[in-house]
Amino acid sequence: MGRHSHDRDDSRTVVRLFTGLANDEEEEWLSKTDADGWRLARRGWAWYVFTRRPVGERSTERPIYRMDFWPQSSAHMDDYIAIARDAGWEHVVAYNGWHYFRHGGGAGEFPEVLSDRESQVAKYRRVLRAAAALWTPASIIMLINLSRLNRTAATGLVRRVYVAGWWGSAAVLVFMGCQMIRMWVLLRRLEKRYQKL
Amino acid sequence: MAYLTGETQSTRMSSQAEQYVPLTESTYLIMLSLLRPMHGYGVMQEAKELTGGVVRLGPGTMYGALTALQERGMIELVEPAEPVDGAARGRQRKEYVLTALGREVLRLEQARLQKLADIGREVMEHGSAQS
């Protein structure tokens, strides 16, 4: 879980690394944090800034966060945000193609941000395609660096820093690879559950 | 798919339209709503009304469909009748409407669904198709 690296009365920064590939877990975590009184305000590379729910504002029963992914910025994004607002979803944060929406929950039924199977599958595909476009060249560079690492003339501390850096990056790539496989499995399951006979 | 759409029109638009059929349920309802100019949230409400509250379209599904339909030339933006300025423009919702291609796709899909429903009813009521 996240660690509170910085805590003030009205805002809180939590260090947490999500690659976006586990966005179901991220949505769940953000919803839970909001229910505890902390609203998402900003997000950075590996941290989230929350602000305390305004005093006097009634806490809704179950605030809900949803994420959608559109890597290419489009002129129509304003329209998306307007449609979402009309439907009761507040656009909270945009980060690296990810769009965070918040719904206060409360009384009555409301539609999901992605209300049908086809659009959920399409989102997963956009995410996986973007992740693969990042992961594949990064892995190739890592392999090239591995052969360089073995031939480097550097010794002592410099060499140790090289090696540590390589293993650190490799660990991130393996982690990301595992998450890509997990998302692919989720996507397959989603497609299979609704498979046309 | 020609056997389902009745008389074959060998126009270019028809063959272009055929590649988009069948539509998803959401897209079908969105296109039905866009026979007349409407903004995104209006479409969501229209779809809900048309289906008696059964289908509730989400904003993300709406946006994805509007983007895809516009890219494929099935809908287009409606220019506002009179120019608005300042704050009013910010609040102005974008309105969309079906193009000629969009209407053709919708017609093909409606005919396809109609034919399937007709066949289904005949078989279930009479044990076999009459025609």
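Note on naming: letters A, B, ... go to the chains in the order of the sequence lines (proteins, then strands), and numbering restarts at 1 for each one. Everything quoted here is computed from the prediction, not taken from an experiment.
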Establish whether [X] and [Y] are linked, either directly or via other cluster members, by ILVMFWY side-chain heavy-atom contacts under 4.5 Å.
| X | Y | answer |
| --- | --- | --- |
| A/L21 | A/V185 | yes |
| A/W45 | A/V14 | yes |
| A/V161 | A/L146 | no |
| A/F175 | A/M183 | no |
| B/V97 | B/L50 | no |

Rounded distance [0.5 Å steps], [atom1] in [X] versus [atom2] in [Y]:
| X | Y | atom1 | atom2 | answer |
| --- | --- | --- | --- | --- |
| A/Y80 | B/T67 | OH | OG1 | 9.5 Å |
| A/I83 | B/M62 | CD1 | CE | 5.0 Å |
| B/L77 | A/D79 | CG | CG | 8.0 Å |
| A/D86 | B/M44 | CG | CE | 8.0 Å |
| A/D116 | B/R56 | CG | CZ | 14.5 Å |

Query raised in the report: Considering only heavy atoms, which portion of A/A87 lies under 4.5 Å from any heavy atom of chain B: side chain, backbone, both, or neither?
Result: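 Its backbone and side chain both get close to chain B.
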Query raised in the report: Taking everything shown except A/Q72 itself, do over 12 heavy atoms lie less than 6.0 Å from its CD?
Result: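 Result for CD/A/Q72: open.
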Query - Crowding at CH2, A/W98 (>12 non-hydrogen neighbours, <6.0 Å) - result: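 Yes.
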Query raised in the report: Could you go step by step and tell me if A/R85 and B/Y41 meet the side chain to side chain contact (heavy atoms under 4.5 Å, CB included) rule?
Result: CA-CA 9 Å; A/R85 194 189 309 119; B/Y41 188 58; over 6 Å; no
Report task. Considering non-hydrogen atoms only, spot the tightest contact between A/A84 and B/P59 and give its length. Result ->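 The pair with the smallest heavy-atom distance is CA-CB, 3.6 Å.
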Query raised in the report: Checking B/T61 side chain against A/S119 main chain: does a donor-acceptor pair fall under 3.5 Å?
Result: no
Query raised in the report: Which answer fits B/Q70, side chain, backbone, both or neither, if we ask what part of it has an atom under 4.5 Å from a heavy atom of chain A?
Result: side chain
